Amino acid sequence: MPELPEVEVTRLSFASRIAGARIQSVVLGKPLRWPLGCEPQLLVGQQIVGVRRRGKYLLVDLQGGLLLVHLGMSGSLTFSAHAGPAGKHDHFDLHTSQGLLRLNDPRRFGAVVFAPTQNSPQAQKLLGKLGVEPLGDGFDLATFCALIKKRRAPIKQALLAGDVVVGVGNIYASEALFLAGIRPTTRCARVSRARLALLHQAVRSVLTRAVEKGGSTLRDFSNAQGESGYFQLEAAVYGRAGQPCRVCGSVVRAIRQGQRSTFYCPSCQKP
DNA sequence: CACGGATCCTGATGGC
DNA sequence: TGCCATCAGGATCCGT
């Protein structure tokens, strides 16, 4: 489901409300992608210090460790004062003194994993190979160019891989490449430095705008307060195959790359 | 080691 | 309450 903007919007919607809460009980549903990695009882009584984000992971800091929460393709979090009974797709409930944090995830590609510290093997297995944060200071153009130039894969695949820059998923990869005027199939090494500079800026701007809009283009996205209706951000190319490009009027095309849909404008985006 | 494909799972949608 | 194929926001694992 969620790319960086949706994860960040989710974080912003409950981080301050859950901070300081004490965990009262943990209820697990069906298995998620990975096991929790500790006895649920270990969490009970711990205080929640805060919620950070790394890539598409939410890091729920506890006094004695942290929970790494990933929403996979179809996950969403809610945090509410009054807890209803768990539904069919509610697979992780964290009852706290300040409300219930609940993960709903029909496809169960998501996960909640406990780690004793962020440097522990459990955490590093998931976080250790992640690329730089696109909205942070570490996302500098020279490093971005150097890493991309080393590769031979199509540029879109490199964006999605997450080991150069994190948080860019299938929707925003197509959107950023459109903004930069780069054909998604172009091999990394063949993208000019000038266009990589445009792409570097496009990644920042498309993600920033999506966070500001409250999480985008996703049809069924809602934040942890259950607020939806955030669909103001119009995609330039994603999901618009056969429709006219908003810039030049050419017909937007859809192709498959690595089992994922890619959309582009054949005249605005040059190979 | 970098790459491409298969894979986990459920639900929505559209053709027949 | 039809059946079947295809597709969906992710990312790991495995063979080459």
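Below, chain A is the first sequence line, B the second, and so on; all start at residue 1. As the structure is a prediction and not an experimental result, all values here were calculated from the model. In what follows, every heavy atom counts, from backbone to side chain, and hydrogens, waters and symmetry copies are set aside.
Contact record, A/Val206 with A/Glu175: CG2-CB, 3.9 Å, taken as the closest heavy-atom pair. Nearest heavy atom pair, residue A/Glu133 against residue A/Val166, reads OE2-CG2, 3.6 Å. Contact detail for A/Val7 and A/Pro2: the closest heavy-atom pair is CG2-CB, 3.9 Å.
For the salt bridge (charged side-chain N to carboxylate O under 4.0 Å, His left out) test with A/Arg53, the passing option among A/Glu6, A/Glu8, A/Glu3 is A/Glu8; the others fail.
In summary, A/Arg102 and A/Asp90 engage in a salt bridge, as defined by a charged side-chain N under 4.0 Å from a carboxylate O. Under 4.0 Å is where a charged nitrogen must lie from a carboxylate oxygen, and between A/Arg209 and A/Glu212 no such pair does.
Residue A/Pro106 has its side chain nearest to B/dG11 when only B/dG11, C/dG10, B/dG4 are considered. Distance from the side chain of A/Asn170 is smallest to C/dG10 among C/dG10, B/dG4, C/dC7. When each of B/dC3, C/dA8, B/dT10 is scored by its nearest atom to the side-chain atoms of A/His89, the top-ranked nucleotide is B/dT10. Nearest to the side chain of A/Gln259, among B/dA6, B/dG11, B/dG4, sits B/dA6. For A/Ala153, whose side chain is taken as the heavy atoms from C-beta onward, the closest listed nucleotide among B/dC3, C/dA8, C/dG10 is B/dC3.
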Give me, pair by pair, the N or O atoms of the protein and of nucleotides 12-16 of chain C that are less than 3.5 Å apart, along with how far apart they are.
unit_1 : atom_1 : unit_2  : atom_2 : d
C/dT12 : O4'    : A/Arg33 : NH2    : 2.7

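Taking the six-membered ring where the residue is Trp, A/Phe139 and A/Phe144 present perpendicular rings, their angle passing 60° and hence far from 30°. Between A/Phe79 and A/Phe14, the ring planes are tilted. Angles from 30° to 60° get that label.
Note: CG (A/Leu127) to C1' (C/dA11) measures 13 Å, nearest angstrom. If you take NE2 of A/His91 and P of B/dT10, they are 8 Å apart, rounded to a whole angstrom. Distance A/Leu68 CG to C/dA11 P: 13 Å, rounded to the nearest Å. For the pair A/Lys149 NZ and B/dA2 C1', the computed distance is 18 Å after rounding to whole Å. The nearest whole Å value for the distance from the CZ atom in A/Arg107 to the P atom in B/dA12 is 12 Å. The nearest whole Å value for the distance from the NZ atom in A/Lys88 to the P atom in B/dG11 is 4 Å. Going from atom CG of A/Asn104 over to atom P of B/dT10 covers 13 Å, rounded to whole Å. Rounding to whole angstrom units, CD of residue A/Gln257 and C1' of C/dA8 are separated by 17 Å.
Between B/dC9 and C/dC14, the distance separating the two P atoms is 16 Å to the nearest Å. When the P atom is used for both C/dA5 and B/dT7, the distance is 16 Å, rounded to whole Å.
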- request: Let me have DNA chain C in dot-bracket notation, would you? Count Watson-Crick plus G-U wobble pairs, both distances under 3.5 Å, and use [ ] for pairs crossing earlier ones and | for inter-strand partners.
  value: .|||||||.|||||||

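The aromatic ring of A/Phe109 stacks onto the base of C/dG10, its centre lying under 5.5 Å from the centre of the six-membered base ring with the two planes under 30° apart.
Distances shown here put a side-chain N or O of A/His70 below 4.0 Å from the OP1 or OP2 atom of C/dA11. Between A/Lys150 and B/dA2 there is no side-chain polar atom (N or O) within less than 4.0 angstrom of OP1 or OP2. Close to B/dC9, at under 4.0 Å from its OP1 or OP2, lies no side-chain N or O of A/Lys30. In terms of phosphate contacts, A/Arg260 brings a side-chain nitrogen or oxygen within less than 4.0 Å of OP1 or OP2 of C/dG10.
Of the N and O atoms on the side chains of A/Ser261 and A/Arg256, at least one donor lies less than 3.5 Å from an acceptor on the other residue. Between the side chains of A/Asp105 and A/Ser74, at least one donor N or O lies within less than 3.5 Å of an accepting N or O. A/Arg52 and A/Gln118 share a donor-acceptor pair across their side chains, judged by distance under 3.5 Å alone.
With hydrogens and angles ignored, no donor-acceptor pair under 3.5 angstrom links the side chain of A/Arg151 to the base of B/dA2. In terms of polar N and O atoms assigned as donor or acceptor, the side chain of A/Arg108 never comes within less than 3.5 Å of the base of B/dC9 in a complementary pairing.
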